[in-house]
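Below are the structure tokens for one structure; questions will follow.
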Amino acid sequence: MNTIQIQDEQGVRIIRFNRPDKRNALDLNMYKQLTEYLIQGEADNTIRAFLIQGQSDCFTSGNDISDFIKHGNIGPNHPAVRFLFCLLELKKPVVAAVAGSAVGIGTTLLLHCDLVYADHSARFQLPFVNLALVPEAAASMLLPQLVGYQKAAELLLLGEPFDAKTAAELKLVNQVVESADLFEYAFSKAKRLADQPPEALQATRQLMRPNKSRVQHQMHQELEEFGNRLQSPEAKAKFAEFLSR
Ligand code: COA
């Protein structure tokens, strides 16, 4: 079974998380495939936009927690880190369609997407501190910028789940749509992006992201702290607690 599936349709590369038995928890191999499919898509002139989605009942439960134990060393070459930097570097636009749980990186990756659609079942959560970790994907900078410090503190320090309506109010999600329409609607928006003049679209995206080097810097800072936290007794105890539920 391919835990990451792709389908190229009308200029859109649809990338689907497909590990339903583990709620689409992302393991190292999945990150590697994601990065490879993004890099391939960037190089392919027939692909003009990406669409990232999970199943109708789960986007992704985030990083595979057992990998935090098995592969406790994290650095710039870690597959998850390479995936996040690759996402940041993309020239082509990215749309996400979220149904069900979007936990950890399932929420932080959305900060790097251009358009995000969710249905009413979507549940977002940033439980980094809950797991004795720190955020990644520059969420510690991008989220306060997006929603203000106090709201970001609520999301990142308390780490409680929030629903699609809240995510839309926070501007993390463009629009909440009916479950039956979600994937088709998100695809139609990705297709519209794919039909736009690509050079102007890509140039506009670049102009809209003037602080990319600041984002990269924050990601490196987070990475260093994340690596320290992974080795901490409090984090190891939290991982063991989750896995022995
Ligand atoms: N890493 C590893 N395994 C995970 C996982 C994760 N992030 N999320 C879920 N799983 C596994 C569970 O261990 C369980 O495996 P098992 O059937 O072999 O016991 C299976 O997926 C189903 O999970 P379950 O918790 O029973 O599903 P649920 O529908 O009740 O809840 C979630 C879904 C996403 C709310 C819940 O699984 C969860 O909170 N997961 C952890 C999220 C997390 O902390 N991610 C890391 C962020 S940095």
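These numbers were taken from a predicted model, which means no experiment stands behind them. We number each residue from 1, following the sequence as shown. One-based numbering, in listed order, for ligands and for the atoms of each.
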### Query
Should you measure from each heavy atom of A25, which atoms of ligand 1 turn up under 4.0 Å away?
1 (N), 2 (C), 5 (C), 6 (C), 7 (N)
### Task
Run the numbers for me: atoms of ligand 1, each under 4.0 Å from some heavy atom of D64, listed by number.
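Selected atoms, number and element: 1 (N), 2 (C).
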### Query
Quick one: does I65 get an N or O within less than 3.5 Å of an N or O on ligand 1?
yes
### Query
What residue and atom, counting heavy atoms only, is the protein's closest point to atom 32 (C) of ligand 1, and at what distance?
S101 OG, 4.2 Å
### Query
Measuring to protein heavy atoms, does anything land under 4.0 Å from atom 36 (C) of ligand 1?
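It does not; no protein heavy atom is within 4.0 Å.
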### Query
Should we count CE of M208 as having more than 12 external heavy atoms under 6.0 Å?
no
## Note on the structure
protein heavy-atom neighbour closest to atom 10 (N) of ligand 1 works out as K22 O, 3.8 Å
### Message
Could you identify the single nearest non-hydrogen protein atom to atom 20 (C) of ligand 1 and state the distance to 0.1 Å?
### Response
D21 O, 3.4 Å
### Query
Against heavy atoms of V103, which atoms of ligand 1 measure under 4.0 Å?
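Here the atoms of ligand 1 in question are 42 (C), 43 (C), 45 (N).
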### Summary
Nearest non-hydrogen protein atom to atom 31 (O) of ligand 1, with distance, is R23 NE, 4.4 Å
### Query
Crowded around R209 CZ? As in, over 12 foreign heavy atoms under 6.0 Å?
yes
### Query
Under 4.0 Å from atom 27 (O) of ligand 1, is there any protein heavy atom?
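When distances to the protein are checked, atom 27 (O) of ligand 1 has a heavy atom within 4.0 Å.
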### Protein heavy atom at shortest distance from atom 7 (N) of ligand 1
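Nearest neighbour among protein heavy atoms for atom 7 (N) of ligand 1, to 0.1 Å: N63 O, 3.0 Å.
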### Query
With respect to Y117, which candidate in F59, F187, Y185, F183 satisfies the ring pair (Phe, Tyr, Trp, His ring centres under 6.0 Å) definition?
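Only one of F59, F187, Y185, F183 forms a ring pair (Phe, Tyr, Trp, His ring centres under 6.0 Å) with Y117, namely Y185.
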### Task
Mark the output for R123 as yes if a heavy-atom distance to ligand 1 is under 4.0 Å, and as no if none is.
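Checking ligand 1 against R123, which is what was asked, there is no heavy-atom contact under 4.0 Å.
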### Atoms in ligand 1 with a heavy atom of L131 nearer than 4.0 Å
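Listed by number with element: 44 (O), 46 (C), 47 (C), 48 (S).
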### Query
Would you say the side chain of R19 lies within less than 4.5 Å of the side chain of M30, judging by non-hydrogen atoms?
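A side-chain contact under 4.5 Å exists here.
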### Query
Hey, do the aromatic rings of H112 and F83 have their centres closer than 6.0 Å?
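Here the rings of F83 and H112 have centres that are no less than 6.0 Å from each other.
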### Task
Measure the distance from atom 12 (C) of ligand 1 to every protein heavy atom, then report the residue, atom name and distance (to 0.1 Å) of the closest one.
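Minimum-distance protein heavy atom for atom 12 (C) of ligand 1 reads R245 NH2, 3.6 Å.
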### Message
If you count every heavy atom of other residues, nucleotides or ligands that lies below 6.0 Å from N45 atom CG, does the total exceed 12?
### Response
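Check fails, neighbour count at 12 or below.
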### Message
Suppose we measure from atom 5 (C) of ligand 1 to each protein heavy atom; which comes out shortest, and what is that distance?
### Response
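Going by distance alone, atom 5 (C) of ligand 1 is nearest to S61 OG, 3.4 Å.
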### Query
Just checking, any donor-acceptor pair under 3.5 angstrom between side chains of R192 and Q196?
no
### Query
Do D119 and S179 meet the criterion of a side-chain donor-acceptor pair at a distance under 3.5 Å?
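Note: D119 and S179 side chains meet the donor-acceptor criterion.
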### Straight-line distance of L133 CG to E234 CD, nearest 0.5 Å
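With rounding to 0.5 Å, CG (L133) is 9.0 Å from CD (E234).
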### Query
Any heavy atom of L126 sitting closer than 4.0 Å to ligand 1?
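Flag not set, L126 not near ligand 1.
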### Task
For the residue pair F226 and F128, categorise the inter-ring angle as parallel (less than 30°), tilted (30 to 60°) or perpendicular (more than 60°).
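It falls in the perpendicular class, over 60°.
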### Task
Pick whichever of F242, F128, F226, F239 has a heavy atom sitting closest to atom 48 (S) of ligand 1.
F128
#### Entry: Min N/O separation S66 to ligand 1 under 3.5 Å
no
### Message
I'd like to know whether CD of E184 has more than 12 heavy-atom contacts from other residues, nucleotides or ligands below 6.0 angstrom.
### Response
no
